[in-house]
Amino acid sequence: MNRLKGMFDIHADAGYYAAIKAAIQAVAHSHHLARIETPILESSDLFHRGMGADTDVIRKETYTFNDRASRSLTLRPEGTAGVVRAFIEAKLYARPEPVKKFYYDGPMFRYERPQKGRFRQFHQMGVEVFAEASPSVDADLIHASVAILEHLGLTAHLELNQLSNTSKPDYKAALKAHLKPHLDSLCADCQTRYADNPLRILDCKIDATHTALQNAPMPLDYLSDEETAYFNALQDHLKALEIPFTVNNHLVRGLDYYTGMVFELKVDEAILGAQNTVAGGGRYDDLVHTLGGPALGATGFAFGIERLVVALKAAEIAPLTDPLDLYVMVLDASVTDYALQLVKALRHAGCAVMMSHHDGSMKKQFKTVTQLDAAYAAILGPDELASGTVTFKHQASGTAHRLNLSDTATMTRILHGGDA
RNA sequence: GCGGCUGUGGCGAAGUGGUUAACGCUCCGGAUUGUGGCUCCGGCAUUCGAGGGUUCGAUUCCCUUCAGUCGCCCCA
């Protein structure tokens, strides 16, 4: 039995996941984000309506199947739709605070060909903020995403764009009209995009230098005065926050629900290859209403946890570790009960303790101490038992103390880093 | 879904159409039966992803398949 394609067990990298979790919790605390967890399995319809039935993710990347009652269910491919569904279902929009902020993290599923930084089961952490559209709310949200990176000691580059909400159809039509005469000279992918999702042509890597794209109408040209003012205000706020960014007019996101500001955090391509976007997000001001809630705007982002793990390794940032304070060596089965009692008392005092359960030779047990990288070794044998003591040995320095077996207070102090 | 590369013990990694598949690390045992982490000695793949074919003979050649990896598409 092997694991499924594109899925993996987390053990060797668990310390990196723990470090990321700690950073998420630190930012969730300082931004006062409320925890929200939604089911991994939802009605297929939710994602069709939320992300757009014509998006690639929905068309060919979802794990969709019928349950025993023939209901079509889908393993969530992203987190936003579920959070919005929960937000509406529990009428969280009625909560008193004017800006309602949530965060989540967990596994997501997309049926794709795995490659670097991309898997079939992967993990995201996301933040969703429900509030009237406001540049300062967006700036605050972006700040949260940047803060997570800062906590981790990572740097990424912020790219920003503003999609036109009000004149979206106009712009699409203008872009298609402009590209129509050049259609034959565009790459094969772009020719299909022309019909399916013309905005994505702007983001094409192959045709990036194509003359037809160089002078194509840009989304920013089609912004209303109001939207332009919004985008300018957002940029001013980011400058006030001292968050560097570049405006990327070609930045288009692949999910249908994005309406206004969109952004991505990217790391060096040398680190993550083609999947160098570690976080992406933007405004989705229609989604709450689309899914049956009130006309309330929202903004959010999601990080790809696995991509952060790769970035942490590349930056040689140490994973979180959980060191062992003490290993109790049991030299003879006759002292096992005393060892168990000692270990119990120290654990109650908050120390990380393990003990030998196979009373091998002393040499062998010392080897185990080394392998476990315990800070202290305790020796408990017939000699100690006779005198009611236990020997504590500091591994790094080699100095040893003979302590009274019942003096767990002193032991605890030593294990917590104090002097004997 | 399409394309490139790869597949030898826990890990890294040589190798060849032919009786016993290097080496390094790890691990295990011992030298050294209450103080180890050094050193030395010994041990650990009937087997080279799986299935089939060619051959007197294949881990080495061919086909198929599976897996991994990177890229395309798309996305976090």
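In what follows, chains are A, B, ... by sequence order, proteins preceding strands, each numbered from 1. Below, each value reflects all heavy atoms present in this structure, side chains not excepted, and no hydrogens, waters or symmetry copies.
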- [ ] Just name whichever nucleotide pairs with U32(B), Watson-Crick or G-U, keeping both distances under 3.5 Å, else none.
- [x] none
Open item on the list: Is the positively charged end of Arg76(A) above the ring of Phe47(A), judged by distance under 6.0 angstrom from the centroid and angle within 45° of the axis?
Closed with: no
TODO: Test for a donor-acceptor pair under 3.5 Å between the base of U35(B) and the side chain of Lys393(A), counting only N and O atoms.
DONE: yes
Open item on the list: Looking at Tyr111(A), I'd like to know if the NZ or CZ of Arg120(A) sits under 6.0 Å from its six-membered ring centre while staying within 45 degrees of the ring's axis.
Closed with: yes
TODO: Using a 4.0 Å heavy-atom cut-off across all strands, classify Thr368(A) as base, sugar-phosphate, or nothing.
DONE: nothing
Open item on the list: Is Lys364(A) close enough to U33(B) that one of its side-chain N or O atoms is under 4.0 Å from OP1 or OP2 there?
Closed with: no
TODO: With a 3.5 angstrom cut-off on both distances, give the Watson-Crick or G-U wobble partner of C11(B), or none if there isn't one.
DONE: G24(B)
Open item on the list: Quiz question: going by heavy-atom distance under 3.5 Å, is there a donor-acceptor pair between the base of G34(B) and the side chain of Glu384(A)?
Closed with: yes
- [ ] Identify the nucleotide, in any strand shown, that forms a Watson-Crick or G-U wobble pair with G18(B), with both distances under 3.5 Å; if there is none, say none.
- [x] C56(B)
Open item on the list: Quick check on the 6.0 Å ring-centre criterion: do His394(A) and Tyr376(A) meet it?
Closed with: yes
TODO: Spell out protein contact along nucleotides 66-71 of chain B as letters: B when the base is contacted, S when just the sugar-phosphate is, - when no protein heavy atom is under 4.0 Å; keep the 5' to 3' order.
DONE: -SSBSB
Task: Check ion pair Arg402(A)-Glu384(A) (N to O, under 4.0 angstrom) - done: yes
Counting only pairs under 3.5 Å, give me each side-chain donor-acceptor contact of residues 302-318 of chain A, with atom names and distances, residues two or more places apart or in other chains.
residue   : atom : partner   : partner atom : Å
Glu306(A) : OE1  : His123(A) : N            : 2.8
Glu306(A) : OE2  : Tyr17(A)  : OH           : 3.0
Glu306(A) : OE2  : His123(A) : N            : 3.4
Glu306(A) : OE2  : His123(A) : ND1          : 2.7
Arg307(A) : NE   : Gly117(A) : O            : 2.7
Arg307(A) : NH1  : Thr277(A) : O            : 2.8
Arg307(A) : NH2  : Gly117(A) : O            : 3.2
Lys313(A) : NZ   : Asp13(A)  : OD1          : 3.0
Lys313(A) : NZ   : Asp13(A)  : OD2          : 3.0

Open item on the list: Just N and O in the side chain of Lys266(A): are any of them under 4.0 Å from OP1 or OP2 of A76(B)?
Closed with: no
Task: Base-pairing assignment for U65(B) (Watson-Crick or G-U wobble, both under 3.5 Å) - done: G49(B)
Task: Partner nucleotide of G3(B) by Watson-Crick or wobble geometry (both distances under 3.5 Å) - done: C70(B)
Open item on the list: In whole Å, measure the gap between the P atoms of C73(B) and G17(B) for me.
Closed with: 41 Å
Open item on the list: What's the closest nucleotide to the side chain of Gln371(A) if the choices are C74(B), C27(B), U35(B)?
Closed with: C27(B)
